[in-house]
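Right, one structure below, let's go through it.
One-based numbering, in listed order, for ligands and for the atoms of each. Because the structure is a prediction, the values reported are computed rather than measured. Keep in mind that the numbers below use all heavy atoms, side chains included, and drop hydrogens, waters and symmetry copies. Numbering of residues begins at 1 and proceeds along the displayed sequence.
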Amino acid sequence: MQLHLYDTKTRGDIAVAMQERPIHIYCCGPTVYRNAHVGNLRTFLLSDLIRRALELSGQKVTLIQNITDVGHMSDDFEAEDKILAQSTVENIDPFEIARKYEEKFHADLALLNIIPADRYPRASECIPMMQELIAKLIANKNAYIGSDGCVYFDAKSYPTYGELSGNRLDALKPGHRFEFSGEDGKRFHADWALWKAAGARKKMIWDSPWGPGFPGWHIECSAMSLKFLDEVVDVHVGGIDLRFPHHENERAQSNSLSGKEIVVLWSHGEHLLFEGRKMSKSSGNVVLLQDVVKKGFDPLAIRLALLENRYRSQMDLSWDSIAAAHSTLRRWRKLVSQSPSISPFPTPEISHAINADLDTPRVIQILREIEKNGKLSAESKIGAFLFADLVLGLRLDHQAAPPPLPNHLAQMLSDREYARDSKNWAESDRLRQELESSGLVIKDGPTAQEWEWR
Ligand code: AMP
Ligand code: ZN
């Protein structure tokens, strides 16, 4: 069975056709004005899962992920460029902001064992490419220069606009949230800016045939996918919130330029909630990978916690589920450490679950059954675990070195020994609670207390 994925446009599962050439995947990357939160990382994990699932079947893959470092406007009333706004807050140059958060993004991906993309093109380095496409769209009459000097895409010029998201043009009323302020020169409310005139803006602007300015966000992804993937995108990945308007607009642009359907399959990951609400800056419930690491959890516990839910359903993460994933990971690594050099053993049930639209919760359930099965030898269990891990990417064959014990915890351990010697049980219990909430597991042996990291 080959990999089947749910396609947003046709609203059903599609088999990803195997190719002699590498399969082309495009994943919308981060806007680098702040740390990626665990919700963003859930979406970036989706392209990694698709790549690993295809590679498991022997298929080569090329993955492109863009870095948005200009042109992504916040959708609040002020409609300010996200990077420029952050550069004012931190009082550093906007490009420095972009490079700083880009580096953090790569560090997060590495901690989550996400295989790097083949290329991470930056929007600011592809301006001529975008200008060339905009000029073509104007020549083809898909775009026009608005009364405010900005260049707009004419939504009505693309006959199947709305097919991806299910939004019909005649149903899109003026004043919807998709309509950003600062786009006053367009002819029709559903049109969008391809090139924005600089106006009073002094930074992050470029010369163009339409005057100094900067590109819109949607044209960036058309340019990158057409250019770096040779006009064929087998699978296009992003978070569900990008389906409209970002991907709807990208589709209209790319297809108008090339005269064909550029994206074969649109794959969207659902949102991550944290303790009941969508993880976002505005909800105030943002969790970063660094927060997880600081609490003493393995960063791959987050990967496991995310995989315990199907990518296509909203999932609610909590500290309890992260803690549970952390101890499962430890147990599985212990199992594998008995014979880590065993080769992965292809297990059809596992391949089947992966190929059925990335049913990772089922894969994990199969692993739990294998773990408990008293009839299987340790070797065959380990072979199956290592096979699943080719896609799960949990580094099960990796015995993480425990982090060093910080001084304040070492002091608390010694205080607790003293409390026990003095039979001060209340103090000893209080210290145990404090140590355990800092990530340690305490066992009281016959002579002394023993501890390990959770
Ligand atoms: P951004 O850096 O804001 O452009 O977002 C990067 C990616 O994260 C996009 O594909 C978004 O759709 C996705 N995203 C944003 N919030 C969440 C969330 N709470 N859960 C899952 N994905 C998200
Ligand atoms: Zn994009």
Review point. Hey, which atoms in ligand 1 end up nearer than 4.0 Å to a heavy atom of Glu270?
Key: 21 (C)
Exercise for review: Mind telling me whether His247 and Trp266 have parallel, tilted or perpendicular rings, with 30° and 60° as the class edges?
Suggested key: tilted
Revision key, fill the gap. Restricting to heavy atoms, the pick from Asn285, Thr68, Thr43 nearest atom 22 (N) of ligand 1 would be Thr43
Review point. Is Arg34 near ligand 1, meaning one of its heavy atoms is under 4.0 Å from it?
Key: yes
Exercise for review: Output the atom name for the N/O/S atom of His246 with the smallest distance to the Zn ion (ligand 2).
Suggested key: NE2
Review point. Are any of the N/O atoms in Met279 less than 3.5 Å from those in ligand 1?
Key: yes
Practice item. Check ligand 1 against Gly239 and write out every atom of the ligand that is under 4.0 Å from a heavy-atom position of the residue. Key: 10 (O), 12 (O)
Practice item. Can you figure out which of Asn35, Thr31, Asn40 has its heavy atom closest to atom 14 (N) of ligand 1? Key: Asn40
Exercise for review: Could you tell me whether some N/O pair between Gly238 and ligand 1 is separated by less than 3.5 angstrom?
Suggested key: no
Study note, to complete from the structure: Atoms of ligand 1 under 4.0 Å from any heavy atom of Leu272, numbered from 1 in the order shown, are 18 (C), 19 (N), 20 (N), 21 (C)
Exercise for review: Return yes or no for this condition: an N or O of Lys82 is under 3.5 Å from an N or O of ligand 1.
Suggested key: no
**Study point:** Residue Pro30 vicinity, atoms of ligand 1 by number, heavy atom under 4.0 Å
**Key:** 2 (O)
Check your understanding: Polar-atom distance check: Trp217 versus ligand 1, any N or O pair below 3.5 Å?
Key -> no
Exercise for review: Examine Tyr144 together with Trp195 and report whether their ring centres are nearer than 6.0 Å.
Suggested key: no
